[in-house]
Amino acid sequence: MSEIAVEYLLARPGREPPQRGATITLADGKVAAVAAGHGEGRGLLAMPALCDAHDHVRGLHHLAFGARDQNFELWRAALYAQPAIDPYLNAALAFGRLAQAGVGTVMHVYSSIRVDRLAQDAEAIARAARDVGVRLGFVVPLRDQQTIGYGPDEELLGLHEPQDREFIRQTWLYPFPSPATYMDLVADVARRIEGPTVSVQYGPNSPQACSDALLAAIGQASERDGRRITTHLLETSIQREWADAAYPGGFVRHLADLGIVCPRFTGAHGIWLRPDDIAIMAGRQAQIAVNASSNLRLRSGIAPVAEYIRQGMPFSFGVDSFSIDDDEDALREMRVANWLFSPHDTDAPLTAELLFRGWHRNGFLAVTGQDGYGDVVPGAPGDVVVLDYDAMAFDVIEDMIDPTEVLLTRACARHVRSVHVAGREIVRDGRVTGIDLPAVEREVIAQARASGARMRELKPVLDRSQATLKRFYGEGLHRRGPPAQ
Ligand SMILES: [Zn+2]
């Protein structure tokens, strides 16, 4: 049992003003009681811990291995040079940074295509989540086509320089498992890692990377076992062009017909959804995980959140391993989203209530499958972040501003004092308690730098590959109509 005393409690964030003076008692993983009065908690503010509903949990940042920010389709090729790092350490580093930024729940969209290593990687990642103490939604990567770009792999491979083709084939063009084998793989991963704070989801990497047979198998399996589905959805204008050409009858309609777009569905990004797509998603209460900073950094655009709001489609938020300062600061991401989606000239602005609903209730549902998170009330999950309110409000004149506004204008990871998840204190005095984060960071960087010679050797390959992809998309070769299935 533990007690958290604070001066301000956002018990119902965005819906009620903060409660002045509160002591929260956590027991058996839940909020046991909330009492008035703050004792030693002067200068502190508490609210439910954040949920990062879309992330790739990359402890080593993209920039470190040469993947500079640029448009997504070209950026992706830079993953060729991604060094081999211990999956436990890489995940622990990202989980630790997110926890120190007030995150209690993380969606890990794992994107390795090494099926042979998947089960052991999943175990290492789940162990990292448990050691750090965050709740984890592990998304099993599933794909069986269009790995190099939005066209047949062999054709795209043929456009590459002859000397690079074998390397690219070895890196990305494994023989893909059948849909049935993939479904068994998801069940196997679930048997190995699921528990009270870890759940497993189906992860069609993106609809363009999956055959209809695979998507239909996922839709049926999810309907049967209730596991959620996470995919990337219409992140870029190039994806929109591909989708319109490949599915002239309606791309989102097609995904809905296959059983993918359903109440258990989370699509990341959704920038290029049109109102008719949003209507289909809203009708099924499928949600989008918005990744505002990622979309800015990869020049993808700004999600049409006002239209989501108008049509009542649920949405959550993610860091996507692309926070605006490349530091996993989810609190800053919350503020970026707040500013970006509440312009003065819209009839459907993002309100504080909707912003918190995304970071709390909808995000928790997307990751854990459990509804109702987001209030600090008896019986709620024991997931609470405590911030140094006095540091945020160092110059504020008392009673001149709602503390919620101070939070939404200034909160950063550096203000986080403690984070509890399922009643366990995973961050104390601003530092993760379960692992030695600075040591893990040093080790990850050392492991990456040990692959420096190999990475430098690959750099010309990825530069040439990016030039090839740029020509492919520049010539509109992704807009050629339905793929052969
Ligand atoms: Zn992503």
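Keep in mind the model is a prediction, meaning the values are calculated, not measured. Start at 1 with the first residue, then count along the sequence. Numbering of ligands and ligand atoms starts at 1, following listing order. Side chains are part of it too, since the values below use all heavy atoms of this structure and drop only hydrogens, waters and symmetry mates.
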(message) Would you call the rings of Phe138 and Tyr110 parallel, tilted or perpendicular, taking 30° and 60° as the class edges?
(response)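 Geometry flag for Tyr110 against Phe138: tilted rings.
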(request) Describe, in one word, how the ring planes of His232 and His54 are oriented to each other, choosing from parallel (under 30°), tilted (30 to 60°) and perpendicular (over 60°). (result)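 The rings of His232 and His54 stand perpendicular, inter-plane angle above 60°.
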(request) In plain terms, say whether Arg169 and Asp153 are close enough for a salt bridge, that is, a side-chain N and a carboxylate O under 4.0 Å apart. (result) no
(request) Name whichever N, O or S atom of His54 ends up nearest to the Zn ion (ligand 1). (result) NE2
(request) With the Zn ion (ligand 1) as the reference point, give the N/O/S atom of Asp320 that is nearest. (result)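 The nearest such atom is OD1.
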(message) Quick check for you: with the Zn ion (ligand 1) as the vertex, what angle do NE2 of His56 and NE2 of His232 span, to 10°?
(response) 100°
(message) Ignoring hydrogens, what is the shortest heavy-atom contact between Trp75 and Ala67? Give both atom names and the distance.
(response)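 Distance-wise, the nearest heavy atoms are NE1-CB, 3.5 Å.
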